[in-house]
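Below: one structure, written as structure tokens.
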Amino acid sequence: MKPKLLIIELWGLGDLVIATPFLRAAAGQFDVTLLAKPYALDLQPRLWPGVKVFPFNAPWTAFKRKYHFWRWPFLEMIHLRRRLAAEHFQFGISARWDPREHLLLKILAARERIGFPRIGSSIFLTQPLTRPDPASHRYESWRVAGRALGLELPSRHQLPVPPQNHEKTVLLHSGARLPARIWPLENWRKLALHLRQRNYTVHVVCDADQENWWKQNGESGVANPRTVTALLSIIDRAGILVGNCSGPGHLAAISGVPTFTIYGPSLSEWFEPLHPFADGIEGKACPYKPCSDYCHFAKPFCIQDIPEEVVLSRVEQFVRKHLPVNGTSASARSLSGLVS
């Protein structure tokens with residue numbers, strides 16, 4: 001029987017996608033349980049079919065009021081502890097520099113607890129790891145964690161990708177989990193118009209709180225997928241995706257769709273999607289950047305003040321390069337050594 005491994009990744013959709021190469025490699029050697037937000041259940045059949053998902057919305061991952069303890073779901077947390085401790089995991093691992101996750105590994109009674117210690121959290125770990133260079137991509141933490149389990153993951157630029165499809169649709173996703181990451185909607189509308197004027201097929205996808213704005217501004221066909229499964233079905237019909245620094249871009253990249261990202265308070269060197277042709281434009285300089293989306297100003301000028309003409313020009317170049325021409329895009333022709 002495979003040894004049991006508990007993996008903790010409690011944060012965003014993009015974080016789960018970045019963990020995918022590790023999850024796939026671990027499932028080949030371990031009986032893997034992933035503790036993650038409920039939308040991991042939608043990702044599991046597509047990305048990691050050999051992984052069992054235990055859904056949990058950790059209260060400390062909320063953006064606001066995370067330590068209003070009277071709001072915490074303590075009964076659910078007690079059930080979580082009983083259920084997972086009964087699994088008797090030989091190994092538990094967190095790739096995040098987060099004492100809360102290290103304490104959780106201890107509470108859930110994983111025998112060997114592996115993670116990157118911070119402010120004394122090594123007392124909860126049996127195998128503290130040395131953190132990668134703080135400037136490195138988030139994926140590097142999973143590579144280091146993998147080595148602790150005897151798993152050698154390829155470098156980010158050597159990861160295999162699915163073959164690019166032959167769709168010719170430009171998917172614009174104007175949403176993000178937090179307002180500080182959203183390029184102004186009016187600019188997104190101008191980008192859609194700019195591409196259509198150049199005879200590209202454009203499909204706009206948005207968050208629920210943006211849908212009325214889009215419809216009021218003439219985008220009657222805007223899509224607002226309510227589940228990750230629905231979002232995946234839209235991505236499968238896209239030739240490329242342009243979006244803010246958010247989960248949909250990561251999901252597109254892992255599905256083989258080239259992505260262009262408009263960054264704001266986050267850094268591309270940390271969060272660039274896992275695709276060899278991922279590209280993007282950096283947000284304006286800010287003395288507090290990266291600020292974990294807690295903007296110090298009245299508005300997040302790092303993303304809202306990126307000139308529209310600069311983005312339009314860069315996106316048009318990206319679209320021209322990566323959309324299929326005579327059945328095959330330039331990027332697809334150069335992927336032969338990387339296609340899974």
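Every heavy atom of this structure was used, including side-chain atoms; hydrogens, water molecules and symmetry mates were not.
Here the side chain of Trp72 pairs a donor or acceptor atom with the backbone of Lys66 at under 3.5 angstrom. At least one donor-acceptor pair closer than 3.5 Å links the side chain of Asp98 to the backbone N or O of Arg100. At distances below 3.5 Å, at least one donor-acceptor pair connects side-chain atoms of Ser255 with backbone N or O atoms of Leu251. Checked by atom type and distance alone, the side chain of Asp15 never pairs as donor or acceptor with a backbone atom of Trp11 at under 3.5 Å. Side-chain atoms of Arg96 never come within 3.5 Å of backbone atoms of Glu101 as a donor-acceptor pair (strictly under, hydrogens ignored). Side chain of Thr227 to backbone of Ala230: a donor-acceptor contact under 3.5 angstrom is found. Counting only distance, with no hydrogens or angles, the side chain of Lys106 and the backbone of Ile123 share no donor-acceptor pair below 3.5 Å. Not a single donor-acceptor pair under 3.5 Å links the side chain of Asn57 to the backbone N or O of Pro38. Side-chain atoms of His203 never come within 3.5 Å of backbone atoms of Ala238 as a donor-acceptor pair (strictly under, hydrogens ignored).
Taking 4.5 Å as the limit, some side-chain heavy atom of Pro21 sits within range of a side-chain heavy atom of Tyr139. Inter-residue side-chain proximity for Gln210 and Ile182 is flagged as met; some heavy-atom pair is nearer than 4.5 Å. By the 4.5 Å heavy-atom criterion applied to side chains, Asn244 and Thr261 are not counted as neighbours.
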Query - Intermediate values then yes/no, ring pair (Phe, Tyr, Trp, His ring centres under 6.0 Å), Phe271 and Tyr263 - result: CA-CA 10 Å; Phe271 296 113; Tyr263 294 93; 8.5 Å; no
Query raised in the report: Hey, mind stepping through Glu167 and Arg237 against salt bridge (charged side-chain N to carboxylate O under 4.0 Å, His left out) and telling me if it holds?
Result: CA-CA 6 Å; Glu167 297 291 340; Arg237 301 192 297 272; over 6 Å; no
Query raised in the report: Between Arg147 and Glu140, does a salt bridge (charged side-chain N to carboxylate O under 4.0 Å, His left out) hold up when you go through it step by step?
Result: CA-CA 11 Å; Arg147 292 189 197 106; Glu140 289 304 311; 5.2 Å; no
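Side chain to side chain, Glu308 and Trp188 fail the donor-acceptor criterion of an N or O pair below 3.5 Å. If you check the side chains of Trp183 and Ser174, you find no donor sitting under 3.5 Å from an acceptor. No hydrogens or angles considered: nothing links the side chains of Ser266 and Lys289 as a donor-acceptor pair under 3.5 Å. Using modelled atom types and a 3.5 Å distance limit, the side chains of Glu316 and His194 yield a donor-acceptor pair.
Thr126 pairs in a side chain to side chain donor-acceptor pair (under 3.5 Å) with only one of the listed residues (Arg113, Arg111, Glu112), which is Glu112. Remark: of the listed residues Arg196, Arg198, Gln197, Arg198 is the sole one forming a side chain to side chain contact (heavy atoms under 4.5 Å, CB included) with Tyr200.
Cluster annotation: Val51 is not connected to Leu108 through the hydrophobic network of ILVMFWY side chains, with a link wherever side-chain heavy atoms come within less than 4.5 Å.
For the side-chain hydrogen bond (donor to acceptor under 3.5 Å, both in side chains) test, no residue two or more places apart in sequence or in another chain qualifies with Glu76. Legend: residues meeting side-chain hydrogen bond (donor to acceptor under 3.5 Å, both in side chains) with Ser233, ordered by chain and number and at least two apart, are absent.
In Lys4, the NZ atom is crowded: over 12 heavy atoms of neighbouring residues, nucleotides or ligands sit closer than 6.0 Å.
Using a 4.0 Å cut-off between charged side-chain N and carboxylate O, Arg46 and Asp236 make a salt bridge.
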Which donor-acceptor pairs under 3.5 Å do side chains of residues 280-288 form with protein atoms, sequence neighbours excluded?
| unit_1 | atom_1 | unit_2 | atom_2 | d |
| --- | --- | --- | --- | --- |
| Glu282 | OE2 | Ser268 | OG | 2.2 |

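Note on ring orientation: taking the six-membered ring where Trp is involved, the planes of Phe56 and Trp60 are perpendicular (angle over 60°, cut-offs 30° and 60°).
Geometric assessment of Arg131 against the ring of Trp97 yields a positive cation-pi assignment under the 6.0 Å and 45° thresholds.
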